[in-house]
Colleague: 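Here it is, the structure in full.
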Amino acid sequence: MTSPTLLPQPTKLALTSGSWKRSHSPEKQHLHPFTISTDSAAPLAPQVNLLAHYLSEENHFDVATGTADKSDIHLTLSLPPRQLSLLLAAADFTDETYRLTITPAQIRIEGASPSGVACGIQSLRQLLSGQRNRLALPCLVIEDTPAMGWRGLMLDSSRHFHDVATIRRFIDLAALHKFNLFHWHLTDDQGWRLPVEGYPRLTEIAAWRDKTLIGHECDKENRTFIPARHGGFYSHEEIRAIVAYAAARGVHILPEVDVPGHVQSLVTAYPDFGNTGHAPGVRNTWGISDSTLNLEPSTFEFLGKVVSTLADLFPFRYIHFGGDEAKTGEWAASGRIQEHKKELGLETEWEVQNHFTERLHSFAASHSRSMIGWDEIVEHGNPPVDTAAMYWRDGEHQKVILKALQAGHPVVLANHRHTYLDAYQQPTAEPIGEPLAIGNHLTIEHIYAWEPLAEFPVEFQHNIMGAQGQLWCEYIPNRRHLDYMTYPRACALAQVLWTGTGREPMASFVLRLEEHLRRLDRLGVAYRPNSPA
Ligand code: ACM
């Protein structure tokens, strides 16, 4: 048999002799059931269920549990975990190293952690893609480990609301590519998706907008709208189920509540948290709102409740509090803000923003959580050193991140020029034949050529936890379009993050991708065709 391809390409793949074959005969299955086993001491029940789910859904094999020496597939935690960096270990990442061994008698997936086993399961899922009723794989040994710890995809469920099935599918496809982090942008000017007990107007008002702009925000003269109410929210039960669904796949969920700017939906529901006394209406156009939060005690009481809600729902160490693009006009014009500034000894509007960072950091710390935000939160002032920054503005703002790294802040790379998957996919401003996108362009070639760490001095690189792609959804209205913008570019990003430096040439990656796209076809992924061109 020829050597199979995987995406991302594993660190090592060696063919051995022979093959593993199983065929399905429904009438005899009770005599020779297809079996998965696990070490009894290993906490791998979610991974056993996950593998059984894929085998049943994608390969039409039903599975029973078996004994370790006789089963068809055995999952175990027999690899000694490698030491992760202190930052990654503190964030609850585990060593995702795995070994996948196929012999005629058995397939074994050995992990250094349940997440390692989950990565091995995704490799096996890729190898078995398209096989139904009769399974056949060449014997081989794969030894695999990621270069980067934090390998994420961000999804904006504010600008367009995603139903739970779409969220699950997004996470599952991310896991197929060995992403291990789902950053969930839950609130913004255009909609608030998180229920918080005691604040019913969040789900009654902030979660809904009356209509949605068609086209770009800049076309102010000729605005047209989809005249339908749009929105929704995720119940706490739904969120808990999504967290468990992701955890079985080795995927952490980073929730984001974006403050003190990007709050027009919140201030519409609770004008007392804003600076004008008015409800501006949940934003139905794009762009950035002028709305910001005020410094009243009731606002911080609310934020404290938001943090306890997030800490209760999401087990991941980090909570994301946005911090990007907070406009300062309302603060400058507000007498109450000026009074608070005097009381608190704050001089500039930047110091107002820093005050939010400090308060949110301490709310998070009181729940044993750490704070992360967009890079504005480390631009001025000195937030506590464990405050992590997401580098998005790149270019001249690189100096902000260099300073943060120098001060010891953990950093995640989310540079808009390499990771914003809401940009056009070919190199012209408004490409003919492409659906509307936010602007700019980011080709798959550009992503594949990216060396994430190269722009930072070696002595600071240990503070870079990893990187992630962003799916901002102003111009991504539905699941098909989300597929189109995410894939195949996220395939290239997955390879960059998994392998780090020393990747195969682009031409070899393109061949690998060709085969992988057949897998995505089978999963019904509506990726952008003909790319790379
Ligand atoms: C951002 O793109 N405003 C983080």
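All heavy atoms count here, side chains included; hydrogens, waters and symmetry mates do not. Every number for a ligand or one of its atoms is a count from 1 in the order of the listing.
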Colleague: Would you mind writing out a table of all protein N or O atoms found under 3.5 Å from any N or O atom of ligand 1, naming both atoms and giving the distance to 0.1 Å?
Modeller:
unit_1, atom_1, unit_2, atom_2, d
ligand 1, 2 (O), Y420, OH, 2.7
ligand 1, 3 (N), D324, OD2, 2.7
ligand 1, 3 (N), E325, OE1, 3.0

Colleague: Quick test of your reading of the model: are K341 and E347 salt-bridged, counting only N-O distances below 4.0 Å?
Modeller: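 So K341 does not pair with E347 through a salt bridge.
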Colleague: Is the Lys NZ or Arg CZ of R193 less than 6.0 Å from the centre of F233's six-membered ring, within 45° of the axis?
Modeller: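 So R193 doesn't make the cation-pi contact.
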Colleague: Hey, does the Lys NZ or Arg CZ of R503 hover above the aromatic six-ring of F509, less than 6.0 Å from the centre and inside 45° of the axis?
Modeller: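 No - R503 does not lie over the ring of F509 by the 6.0 Å and 45° rule.
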Colleague: What do you reckon, are the aromatic ring centroids of F456 and H462 less than 6.0 Å apart?
Modeller: no
Colleague: Does NZ or CZ of R249 lie under 6.0 Å from the centre of the six-membered ring of Y245, at an angle within 45° of the ring axis?
Modeller: yes
Colleague: Assess whether a salt bridge exists between E379 and K403, defined as any Lys/Arg side-chain N lying under 4.0 Å from an Asp/Glu carboxylate O.
Modeller: no
